[in-house]
Amino acid sequence: MRALLLITPALALALTACMVERDYTDPYQAIPDVGGDEWGEGSDLPIRSGWVRGDLGQVRDFDAAANESYGYTDGSYSNVTVTAYDAQERMGMIIVDLSGADLRSVRAGSYRFGDLSADSVGGGTLSVIGCSSSTDTYFDAPANEGTVVITDTTEGRQVDVEAQLPTDDGMGSTEATGSFVISRQ
């Protein structure tokens, strides 16, 4: 019984850790990246020019440049997390996951994702998560549906995200957007 009482708070803390900060361990660190050429070696994606806007849970009218951006790929999986804090010290976060493909090499274009229908992105599956927090609220939920637009520019690969996030009661949705650039090295 004592063990259960000690484990329960730790489990609750672990489940809400996304709201404050996400730490990722790199299980593929010893595996060389076969990406190459103009993108450079390694598994970290150089992310810059991140931005988060919109309504994420109870945090409404959010609009701020990213304070932290992190990207990772192993060639068959990509993850980008863009975290921003606004002047009211609220946090907004957009997380893009692409399972089965590399964000650097998929064809540029517009891709829909969602529960009912989704476009294949280079043979992979796309999902987006929205997170937010303020002094008395937190939110962490996958988007019901949305669009990711990938555009190649001279500065890198521009990724624009539009996500329909569920409301707290699950009866409606709100819209959040995010953007970032995967820089060329």
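The residues of the chain are indexed from 1 along the displayed sequence. None of these values were measured; they are calculated from a predicted model.
With a 4.5 Å cut-off on side-chain heavy atoms, Phe113 and Val128 count as touching. Taking 4.5 Å as the limit, some side-chain heavy atom of Thr147 sits within range of a side-chain heavy atom of Ser110. Contact of the Thr73 side chain with the Arg104 side chain is registered, since non-hydrogen atoms from C-beta on lie closer than 4.5 Å. Looking at heavy atoms from C-beta onward, Asp61 lies out of side-chain contact with Asp63 at the 4.5 angstrom threshold. When side chains are defined from C-beta on, Asp55 does not count as touching Leu165, because their heavy atoms never get closer than 4.5 Å. Side-chain atoms of Val106 and Arg157, non-hydrogen and from C-beta on, do get closer than 4.5 Å to each other.
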**Request:** Apply side chain to side chain contact (heavy atoms under 4.5 Å, CB included) to Ile94 and Val96, showing your working.
**Result:** CA-CA 7 Å; Ile94 295 288; Val96 176; 4.3 Å; yes
**Request:** Decide side chain to side chain contact (heavy atoms under 4.5 Å, CB included) for Phe180 and Ser69; before the verdict, give the C-alpha distance in whole Å, the side-chain angles of both, and the deciding distance to 0.1 Å.
**Result:** CA-CA 8 Å; Phe180 57 89; Ser69 297; 5.6 Å; no
**Message:** Quick one, Val159 with Val181, criterion side chain to side chain contact (heavy atoms under 4.5 Å, CB included). Give me CA distance, side-chain angles, the key distance, then yes/no.
**Reply:** CA-CA 6 Å; Val159 179; Val181 174; over 6 Å; no
**Asked** Going through the distances and angles, do Thr125 and Leu98 end up as a side chain to side chain contact (heavy atoms under 4.5 Å, CB included)?
**Response** CA-CA 6 Å; Thr125 304; Leu98 178 56; 5.9 Å; no
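In terms of heavy-atom proximity, Arg90 sits nearest to Phe62 at O-CE1, 3.4 Å. Residues Glu175 and Glu162 approach most closely at OE1-OE2, 3.4 Å, considering heavy atoms. Contact record, Tyr111 with Ile150: CE1-CD1, 4.0 Å, taken as the closest heavy-atom pair. Between Met93 and Val52 the shortest heavy-atom distance is N-CG1, 4.2 Å. When all heavy atoms are compared, the tightest approach of Leu56 to Gly130 is CD2-CA, 4.1 Å. The shortest non-hydrogen separation linking Ala64 to Ala84 is O-CB, 3.6 Å.
With hydrogens and angles left out, the side-chain atoms of Asp74 and Ser76 include a donor and acceptor closer than 3.5 Å. Using modelled atom types, one finds no donor on one side chain facing an acceptor on the other under 3.5 Å when comparing Tyr77 with Asp102. A donor-acceptor pair shorter than 3.5 Å can be found between the side chains of Ser183 and Arg48.
Put simply, the side chain of Arg60 gets close to the backbone of Gly57: a donor and an acceptor are under 3.5 Å apart. Distance alone, capped at 3.5 Å, is enough to place a donor-acceptor pair between the Ser78 side chain and the Leu103 backbone.
Note: Leu126 CG to Asp97 CG = 8.5 Å, rounded to the nearest 0.5 Å. Taken from CZ in Phe139 to SG in Cys131, the straight-line distance is 8.0 Å, to the nearest 0.5 Å. Rounding to the nearest 0.5 Å gives a distance of 7.5 Å between OH of Tyr70 and CG of Asn79. Note: Asp86 CG to Asn67 CG = 9.5 Å, rounded to the nearest 0.5 Å. Atoms CG and OG, on Asn144 and Ser173 in that order, are 6.5 Å from each other to the nearest 0.5 Å.
Note on Asp119 versus Arg112: no salt bridge recorded, every NZ/NE/NH1/NH2 to OD/OE distance being 4.0 Å or above.
Trp51 and Val161 fall into different hydrophobic clusters, where Ile, Leu, Val, Met, Phe, Trp and Tyr side chains are chained together by heavy-atom contacts under 4.5 Å. Cluster annotation: Tyr85 and Ile129 are assigned to the same hydrophobic cluster (Ile/Leu/Val/Met/Phe/Trp/Tyr, side-chain heavy-atom contacts under 4.5 Å, transitive).
The only member of Asp168, Thr167, Asp136 that meets side chain to side chain donor-acceptor pair (under 3.5 Å) when paired with Gln58 is Asp168.
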